[in-house]
Amino acid sequence: MRSGAKVAVIGGVFILFTGGVGYGAYNVLGNGGGSGGTESKSGVTTKKSGPPSTEEIRTTAKHFLAAWASGEAPLAAQLTNNEAGAEPSIAAFRDSAHVSEVTMKQGAAVGAKVPFTVSATVTYEGRSKPWTYSSELTVVRGLTTGRPLVDWTPSVVHPQLDRNKQLRTGPAAQPPIKAVDRNGKELTKEKYPSLGPVLDQLRQKYGDKAGGKAGVELVITSAGGADTTLLTLAEGKPGLLRTTLDAGVQAAAEKAVKRHSEASVVAIKPSTGEIRAVANNRKDSFNAALSGTQAPGSTMKIVTAALLLDKGLVAADRKVECPKEVMYQGRTFHNLDHFEIKNDTFTKSFARSCNTAFIKQIDDVDNDAALSEIARGAFGIGLSWNTGVRTFDGNVPPASGGEAAAQYIGQGTVQMNALTVASITATAKNGGFKQPVIVPRSLDDRELAGATRPLSGSVWRQLRDMMRATANWGTAANAMAGVPGDKGAKTGSAEVDGQATSNSWFSGFSGDLAAAAVVQAGGHGGDAAGPLVASVLKAG
């Protein structure tokens, strides 16, 4: 063994220490809590079944943590249900991450889950620094052996790890950056937690262009992704990187998403495409605001309305049918609570989000690719955007039959996120598409996407006026009541298979700021996502 370990009990909690104390008696791993068999009177060993007992959970966790803390990767891996997968990750803890002097503090189990705290030292080429973090493991019954085993996942070693990520200590791949907003105010992960993934990507892409010098860091690496710094052993010299973000709007966005779990919001300046804020409130670190792929519900009607206006099939002041329900090629579609609007304008149907008024126009469009073409050509959806960080730029594939009808109201195969819906709203406000950016184009002279078929001024004016009606007396009126100035909005809710409550979507503009938000399982657009957007617009 590389080093020994000793076990102490403090306040009923196991604490495992390493370094300097022999642990030759570690053969207990094959017995007690680590054994799955029981011996009958005849001497025959039978395999246990059922969930592990409280004692098995406690003891298995203790032995696993002791082996890991001692640097005995093979032994620790044998105590998991995936020995081949566990051993490299546990070995890399010392060999690649250069972690030593490990202390494990085991907490009380909650069911089969055992929390624990790691305190250690990270050392690289004479530089050392203490490192502490918390994780958890789960004990399960081995399927073939019947033994209690740690249910292996890389997140046991560190909660941010998965099978595509690993820990590494060494010279940083890129110099650090000092990211600032459009007014020169510094943007940090500590003050603006949602910007963590964004700042990591900006450092990866522009660190060598910002004039800094790399330091020595413990990072989480991933194939093709940005490194995430966990600990800095030697400070590098950060280079200055100016972004298009606005610290005030970002702060409002960070505060807004905290009202709901699984919420995202993005704000954009319509006249330039500059991204002013990006915020998420999620259990994981996925940047859903920029990279999510979800059906946007009735916020998609901004694009559909533009199509119908462009084709001359409707006009803002022209009367349209809005029945309670409509059947299209075998699929029945209805309005919320089966409402209907009799003998009124397309503006009224847009402002009240009448599904049937839109679906009834499909046959007259007579082009399965029409919605896809206008989304791409006029709104930039599905083009390759070069914002400065990784983004999913929307998808509206050609569709026919009932699938086309679903697309017209933002369901089915339409895929968006808060960024793309905010951009659609910004395009409607501005009268033309401006590709979103989070760092100036002048930084690297990258090519930006552009609209290939801008719509007429008449179409844009009618579209803006209908969004204004929605914000002032339509479905968005309550949420937008406190937003000052020239304002417009669109609500949406998107049904998701296997989800009892629909996702809440909302987009709006006020002056030269547009924003969109989505709240997972938030229900009606104006109820959950609407107040988030309103808060961000007020800050702008």
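Numbering of residues begins at 1 and proceeds along the displayed sequence. Everything quoted here is computed from the prediction, not taken from an experiment.
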If I compare all heavy atoms of [X] with all of [Y], which pair ends up nearest, and what's the gap?
| X | Y | answer |
| --- | --- | --- |
| Ala214 | Ala172 | CB-O, 3.7 Å |
| Val536 | Ala515 | CG1-CB, 4.2 Å |
| Gly382 | Arg376 | O-NH1, 2.8 Å |
| Val396 | Ser372 | O-OG, 2.6 Å |
| Ala277 | Ala253 | CB-CB, 4.0 Å |
| Ala351 | Ala469 | CB-C, 4.3 Å |

Please determine if Arg203 and Asp227 form a salt bridge, counting it only when a charged side-chain N lies under 4.0 Å from a carboxylate O. no
Identify whether the distance between the nearest side-chain nitrogen and carboxylate oxygen of Arg352 and Asp344 falls below 4.0 Å.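 Salt bridge flag = no for Asp344 with Arg352.
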Is the Tyr133 ring parallel, tilted or perpendicular to the His158 ring (thresholds 30°, 60°)?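 Rings of Tyr133 and His158: tilted, 30 to 60°.
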Would you check if [X] and [Y] make a side-chain contact, meaning some heavy-atom pair closer than 4.5 Å?
| X | Y | result |
| --- | --- | --- |
| Val314 | Leu309 | yes |
| Leu308 | Val365 | yes |
| Met467 | Ile302 | yes |
| Tyr206 | Ile177 | no |
| Asn355 | His334 | no |
| Thr391 | Ile438 | no |
| Lys319 | Lys348 | no |
| Pro197 | Phe286 | no |

Counting distance only, does the side-chain N/O of [X] pair as donor-acceptor with the main-chain N or O of [Y] below 3.5 Å?
| X | Y | result |
| --- | --- | --- |
| Arg446 | Asn386 | yes |
| Arg390 | Ser291 | no |
| Gln435 | Gly450 | no |
| Arg276 | Thr244 | yes |
| Asn335 | Thr356 | yes |
| Asn280 | Arg282 | no |
| Thr243 | Val180 | yes |
| Thr304 | Tyr408 | yes |
| Asn417 | Leu419 | yes |
| Thr347 | Asp317 | no |

Donor on one side chain, acceptor on other, [X] and [Y], under 3.5 Å:
| X | Y | value |
| --- | --- | --- |
| Ser155 | Thr153 | yes |
| Gln407 | Thr413 | yes |
| Asn430 | Ser271 | no |
| Ser353 | Ser298 | yes |

Among Val439, Asn287, Leu202, Leu199, find the one that has a side chain to side chain contact (heavy atoms under 4.5 Å, CB included) with Val389.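 In the set Val439, Asn287, Leu202, Leu199, the residue that makes a side chain to side chain contact (heavy atoms under 4.5 Å, CB included) with Val389 is Leu202.
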Could you walk me through whether Leu230 and Leu167 pass the side chain to side chain contact (heavy atoms under 4.5 Å, CB included) test, one step at a time? CA-CA 9 Å; Leu230 299 178; Leu167 294 169; 3.6 Å; yes
Between Thr299 and Met416, does the side chain to side chain contact (heavy atoms under 4.5 Å, CB included) criterion hold? Intermediate values first, please. CA-CA 10 Å; Thr299 57; Met416 299 285 180; over 6 Å; no
Which residues satisfy the ring-ring contact (aromatic ring centres under 6.0 Å, His included) test with Phe433, sequence neighbours excluded?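 Partners of Phe433 by the ring-ring contact (aromatic ring centres under 6.0 Å, His included) criterion, ordered by chain and then number, come out as Trp385.
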Roughly how far, to the nearest 0.5 Å, is the [atom2] atom of [Y] from the [atom1] atom of [X]?
| X | Y | atom1 | atom2 | value |
| --- | --- | --- | --- | --- |
| Asp310 | Gln462 | CG | CD | 10.5 Å |
| Met480 | Arg468 | CE | CZ | 11.5 Å |
| Ser222 | Gln160 | OG | CD | 11.0 Å |
| Ile381 | Ser423 | CD1 | OG | 5.5 Å |
| Asp337 | Lys324 | CG | NZ | 11.5 Å |
| Leu371 | Leu307 | CG | CG | 6.0 Å |

Pair listing, side chain to side chain donor-acceptor pair (under 3.5 Å) test, anchored in residues 176-201, at least two apart: Arg182-Asp246, Lys189-Asp200, Ser194-Glu254, Asp200-Thr228
For Gln520 and Gln499, run side chain to side chain contact (heavy atoms under 4.5 Å, CB included): C-alpha distance rounded to whole Å, both residues' side-chain angles, the deciding distance at 0.1 Å, then the answer. CA-CA 10 Å; Gln520 192 85 13; Gln499 190 172 293; 3.1 Å; yes
Check whether more than 12 heavy atoms from other residues, nucleotides or ligands sit under 6.0 Å from atom [atom1] of [X], and answer yes or no.
| X | atom1 | value |
| --- | --- | --- |
| Asp444 | CG | yes |
| Glu321 | CD | no |
| Lys487 | NZ | yes |

Compute both the distance and the angle, then confirm whether Lys490 meets the cation-pi test with Phe350: under 6.0 Å from the six-membered ring centre, within 45 degrees of the axis. yes
Could you walk me through whether Leu455 and Ile374 pass the side chain to side chain contact (heavy atoms under 4.5 Å, CB included) check? CA-CA 9 Å; Leu455 298 177; Ile374 199 168; 3.8 Å; yes
Can you pull out every ring pair (Phe, Tyr, Trp, His ring centres under 6.0 Å) where at least one residue sits in residues 473-531? Sequence neighbours excluded, please. none
